[in-house]
Amino acid sequence: MFRKILVVSVLILGLSASAPWGRAQQQKVDGEGHPWWQHAVFYEIYPRSFADSNNDGIGDLNGIASKLDYLKDLGVDAIWITPCFPSPQVDFGYDVSDYEAIDPMYGTMKDFDHLVGEGKKRNIRVILDFVVNHTSDQHKWFQDSKSSKTAEHRDWFIWRDGKGPGQPPNNWLSTFGLSAWKLDPKTNQYYYHYFYPEQPDLNWRNPAVEKAMLDATRFWYKRGVSGFRLDAVDTLFEDPKLTDNPLLPGTDKFGRPNMNEKYNKKLPEVHDVMRKLRGAADEFGSVLIGETWTANVSELKDYYGAKNDELQLPMDLMMTEFKGLKADQYRKHIGAVNAAGHWPVYVITNHDIVRSYTRYADGAHNDDIAKLMAALYLTLRGTAIMYYGEEIGMENNDPKSKDDVQDPIGKLGWPLEKGRDGERTPMQWSDGANAGFSKAKPWLPVPPSYKTHNVASEMKDANSVLGFYRELLSLRRKEAALLEGDYLSLNENDPNVLAYVRRYKDEAILILLNMSGTDQQVRLDFSSMGFAAPKVSVILTSFHKPLLPASGFVPMEPYSAFIAKITK
Ligand code: GLC
Ligand code: CA
């Protein structure tokens, strides 16, 4: 990385170690009306895989607490911890058997309080994951529900008679590979599960379910949690008539007919629940992030709510589905998201998606591409959600054989579907044993790349992926234009280089991203901005060679990022 360091005055934010995240503090806005979560960088932690404090091969809450200084130094404002509640771990925590406790595997409630307290000292908030759609089949609600047709909790889940002997109520399929219905011999009825059979869907049409679930969120808000990431919101409601889904041509990864899931996904009632969850969050000034898989920007827009009364941060997961790096595809998408008028939320990967490093890698410029993508999602107007390990260029480590698979869908769908183990491997802290994650054999194997891609080694190398992330994250904090500025696209006809500015008052930050594997010469025209003869000062590049002065254009290396300040 070659850069000219500009002298910038660093704004030191006042921190108060003991300040609780009270409602007022949570809702405070800056001079431009932004609450904390709009400028925040969120960091997703998969707790099994982040840091193992008691050396049993599985990460835990004390492990996370021990890494808060690292996260603070990196520039993280909030951590989102995927489910750490009691769970039989069929879906590694997404099968919750008690919404108001911590799984002993991860620690105790005291450890949790300690983590929140240590986070507060460093101005790092804690966001939990709320599994809204289903419980575990071991949850006491479901245990009671299945006990008899007249049980108190019978109607908390979705029970129906089959169509005939051995025939489920309709043709709906579980996204995890089998029918979405499971016959329970005790009462001879089927229950509905969109995910694993061990994850029965809650019946959100029952007001008692709604009350219990809203209360579970309040339980955690009162304990100092600053918000939730809402899991699998698309599937909260089903057509009460159980209409069969229309079939589509072709088959899926499990060899089943494709279908249009119009009767068991994205029903309009979902938005009523979003509003209710938001109502409970607002009592505490908390923030809701949504796992919102949307087909287009208009669907995404709906999740903010017609009156801005649903999710503050519905994740834009659409970029994770782009194939290859095409400047024009990104330009169009980002333009549409900004035009929709809401506060964007950018994500490039998570615990269900192949790591971005692996998805974009071309074999020759892997680290360069990781830096390029970082420069994209961390400089756009909006909130950024990182996934642990992206900052060091962690790659997927898919199971080599079916016997190695932990994620049940990988066993069921092998070899077409290898499951999600590959993107969930232990955080690579050092080049020591088990990548410094644990003294015991980790629950998933670390990939060979830990020798070069790990926190300890990359900390010493300013040209590493981590070095670049650290620079970017600190820039994001320092430059008002990156936080407050609007988004303006430049050079719209360039098929290779994505160019934009973030403009705020009399200054702007220019970002150039060469999404091609060849050198590019970028000529810029700032006249549309009203900056007739602007002064351009380079702040950060991912170039390998010194940036040579060139008149009238910026010479860019393959897959590189260039960031400069522009003043009138
Ligand atoms: C979400 C989670 C995923 C989980 C599923 C069922 O998609 O991100 O990991 O398996 O919901 O809860
Ligand atoms: Ca442990």
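Order of listing sets the numbers, starting from 1, for every ligand and every atom in it.
Atoms of ligand 1 found under 4.0 Å from any heavy atom of H134 (numbered from 1 in listed order, with element): 6 (C), 12 (O). Of all the atoms in ligand 1, the ones that sit under 4.0 Å from a non-hydrogen atom of F176 are 10 (O). Counting the atoms of ligand 1 from 1 in the order shown, those under 4.0 Å from a heavy atom of H351 are 2 (C), 3 (C), 8 (O), 9 (O). Applying the 4.0 Å criterion to heavy atoms of R424 picks out, from ligand 1, the atoms 9 (O). Under a 4.0 Å criterion applied to the non-hydrogen atoms of R420, ligand 1 contributes the atoms 3 (C), 4 (C), 9 (O), 10 (O).
Per residue D60, closest N, O or S atom to the Ca ion (ligand 2): atom name OD2. Of all the N, O or S atoms in D56, the one closest to the Ca ion (ligand 2) is OD1. Its N, O or S atom nearest to the Ca ion (ligand 2) is what matters here, and for D52 that atom is OD1.
Stacking of K411 on the aromatic ring of W414 is not recorded, the 6.0 Å distance cut-off and the 45° axial limit not both being met.
N396 contributes a side-chain N or O that, together with a main-chain N or O of R355, makes up a donor-acceptor pair within less than 3.5 Å. A distance-only check finds no donor-acceptor pair linking the side chain of N264 to the backbone of E238 [under 3.5 Å].
Contacts between E44 and ligand 1 below 4.0 angstrom, taking non-hydrogen atoms only, are absent altogether.
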- [ ] Under the ring pair (Phe, Tyr, Trp, His ring centres under 6.0 Å) rule, what do F228 and Y221 come out as? Steps first, then yes or no, please.
- [x] CA-CA 9 Å; F228 280 101; Y221 295 141; 5.4 Å; yes

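Angle O(I58) to the Ca ion (ligand 2) to OD1(N54), rounded to 10°: 160°.
For the salt bridge (Lys or Arg N to Asp or Glu O under 4.0 Å) test with R122, the passing option among D77, D73, D69 is D69; the others fail. Applying salt bridge (Lys or Arg N to Asp or Glu O under 4.0 Å) to K276 and the options E269, E283, E210 leaves one that passes, E210.
Using bins of under 30°, 30° to 60° and over 60° for the plane-to-plane angle, the ring pair Y304/H342 lands in the parallel bin. Taking the six-membered ring where tryptophan is involved, the planes of F85 and Y99 are tilted, since the angle between them lies from 30° to 60°. Between F92 and W443, the angle of the ring planes lies from 30° to 60°, which puts this pair in the tilted group.
Looking only at heavy atoms of the protein, atom 7 (O) of ligand 1 is closest to E291 OE2, 2.7 Å. Of the protein's non-hydrogen atoms, D91 OD2, 2.5 Å is the one closest to atom 10 (O) of ligand 1. Looking from atom 8 (O) of ligand 1 to the surrounding protein, the closest heavy atom is D352 OD2, 2.5 Å. Nearest protein heavy-atom neighbour of atom 11 (O) of ligand 1: D231 OD1, 2.8 Å.
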